[in-house]
Amino acid sequence: MAKFSCCFGKVASATENGHRANNRGNHLDVSRELLDVENMRFYTYRELRLATEDFNPDNKIGEGGFGSVYKGTLKDGTVVAVKVLGAESRQGLREFMTEITIISDIQHENLVKLHGCCVEGDHRILVYGYLKNGSLDQTLLGSGHCSIKFTWKVRRKICIGVAKGLAYLHEEVQPHVIHRDIKASNILLDEDFTPKISDFGLAKLFPAHLTHVSTRIAGTQGYLAPEYAIRGQLTRKADIYSFGVLLLEIVSGRPNQNRRLPVEEQYLLERVWELYREGELEKLVDTSIGKDVDMDEACLYLKIGLLCTLSLPKNRPSMSSVMKMLNDEMSIDEKDLSDPGLLSELMTFKTAKNNTSATSSSGSGMPEDSAIYGNTTSSRATMTFTSITDR
């Protein structure tokens with residue numbers, strides 16, 4: 001990436017405030033790294049305060065483990081989404097820098113557009129283009145009222161758009177990019193329902209000569225590929241697994257886990273596989289779509305979702321192949337469909353194996369990585385296992 005010069009104001013300045021003095025090294029590190037970022041605009045904290053009306057709660061459009069997102073209007077009239085990382089954010093300096101360096105250097109119609117950032121004092125803020133129709137978890141999968149009519153045409157457009165964006169990251173960008181957190185809340189929709197993949201804080205660059213990278217486990221429960229969650233070996237097939245789960249959610253109109261349902265129906269992937277074997281996939285297609293649904297195509301998309309979530313990573317298709325299947329340019333061989341990769345089954349196996357050897361220090365007999373089944377209401381679960389090389 002080309003280098004450029006910029007004045008960072010308070011980022012590199014000394015301060016008499018004890019807290020800021022303790023963090024001065026971190027801010028200097030950020031400022032040095034940002035010098036390598038091309039096409040990046042730097043906003044002052046004052047600019048963004050004015051744009052969001054002093055971060056007025058009425059302008060808040062999202063909130064998560066990283067902090068809050070506000071709708072704002074810049075002086076030139078541009079409407080933006082201002083992502084403010086909280087002081088105790090789970091997205092640290094490393095994730096902040098990852099998001100900036102990756103997304104600022106690539107542009108695609110199905111990736112969010114990063115306008116710039118603010119690194120001033122203790123503030124770490126990202127400024128994105130505002131997307132009118134919000135995220136899929138707020139609209140399609142949200143429990144509240146939604147005025148958007150998710151017709152089959154709209155859902156089809158979303159599925160293909162996300163696949164196109166992932167194929168671009170996996171196969172066209174050099175080095176390739178693995179997102180690591182593909183999920184409904186990270187798929188945003190513009191006014192024409194064009195999907196945009198967002199939140200690149202956990203993304204990893206993936207040189208073409210590598211078969212996998214070993215890294216800490218990060219992502220969201222329900223979307224994690226089992227082989228990645230258990231062994232920490234990351235490949236593009238982990239994103240493909242997550243996409244498969246998302247595909248099932250879009251077609252069915254329900255989240256991957258719903259504890260309000262009967263026990264046998266709570267886990268979407270298990271339910272889809274069960275109904276596929278019974279020849280009753282139609283039962284999973286969202287009834288709210290209405291009469292315009294192409295039932296054959298909807299069931300095909302569910303089968304593609306199953307193909308993306310196969311237990312063996314090597315048997316999952318590439319994203320370019322998924323795109324062709326979604327566009328009916330490549331047929332799917334149902335003989336390739338087999339049991340999906342279910343974390344619950346792998347954990348049962350590992351627990352049994354653990355019980356036959358030594359028990360854990362707590363005496364529970366559970367493997368150390370069983371922590372990934374903790375709080376299922378968490379918006380993002382980040383797990384670190386002692387047997388895995390951290391990044």
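As a basis for the values below, the full set of heavy atoms in this structure was taken, side chains included, without hydrogen atoms, waters or symmetry mates.
Within a 6.0 Å radius of NZ in Lys314, no more than 12 heavy atoms belonging to other residues, nucleotides or ligands are found.
Under a hydrophobic clustering in which Ile, Leu, Val, Met, Phe, Trp and Tyr are joined whenever their side-chain heavy atoms come within less than 4.5 Å, directly or via other members, Leu140 and Ile148 fall into the same cluster.
Using a 4.5 Å cut-off on side-chain heavy atoms (C-beta onward), Leu284 and Val251 make no contact. When side chains are defined from C-beta on, Glu297 counts as touching Trp152, because their heavy atoms get closer than 4.5 Å. No side-chain heavy atom of Leu74 sits less than 4.5 Å from a side-chain heavy atom of His115. Residues Val112 and Leu188 meet the side-chain proximity criterion, which asks for heavy atoms closer than 4.5 Å. The side-chain heavy atoms of Ile197 and Asn186, taken from C-beta on, include no pair separated by under 4.5 Å.
A perpendicular orientation is assigned to the rings of Tyr70 and Phe55, their planes being inclined by more than 60° (bins at 30° and 60°).
Donor-acceptor pairing under 3.5 Å is lacking for the side chains of Asn258 and Gln266. A donor atom on one side chain and an acceptor atom on the other are found under 3.5 Å apart for Asp181 and Thr220.
By the side-chain hydrogen bond (donor to acceptor under 3.5 Å, both in side chains) test, Lys164 is found to be paired with no residue, residues two or more places apart in sequence or in another chain being considered. Every residue two or more places apart in sequence or in another chain that forms a side-chain hydrogen bond (donor to acceptor under 3.5 Å, both in side chains) with Arg49 is listed here: Asp54.
For Glu282 (side chain) and Asp296 (main-chain N/O), no donor-acceptor pair under 3.5 Å exists by modelled atom type.
Of the charged side-chain nitrogens involved, at least one lies within less than 4.0 Å of a carboxylate oxygen, so that Lys60 and Glu63 count as a salt-bridged pair. Salt bridge present: Lys303 and Glu334 bring a charged side-chain N and a carboxylate O closer than 4.0 Å. Here Lys237 does not pair with Asp239 in a salt bridge; the nearest charged N to carboxylate O distance is not below 4.0 Å. Between Asp286 and Arg254 there is no salt bridge, since no side-chain N of the basic residue sits under 4.0 Å from a carboxylate O of the acidic one. Electrostatic pairing of Arg156 and Asp294 does not count as a salt bridge here, judged by no charged N lying under 4.0 Å from a carboxylate O.
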Original post:
What's the verdict on side-chain hydrogen bond (donor to acceptor under 3.5 Å, both in side chains) for Thr78 and Asp76, showing C-alpha distance, side-chain angles and the deciding distance?
Top reply: CA-CA 6 Å; Thr78 303; Asp76 62 3; 2.9 Å; yes
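A side-chain contact (heavy atoms from CB on, under 4.5 Å) with Met319 is found for one member of Lys324, Arg236, His170 and no other, namely His170. Checked against His123 for a ring-ring contact (aromatic ring centres under 6.0 Å, His included), the options Tyr45, Tyr43, Phe42 give a single hit: Tyr45. Residue Lys71 is tested with Asn56, Thr52, Val79 for a side-chain contact (heavy atoms from CB on, under 4.5 Å); the sole match is Val79.
Here the closest non-hydrogen pair linking Gly305 and Leu248 is CA-CD2, 4.0 Å.
Tyr128 contributes atom OH, which lies 7.5 Å from atom OG of Ser198 (distance to the nearest 0.5 angstrom).
A ring-centre distance under 6.0 Å is not found for Trp273 and Tyr267.
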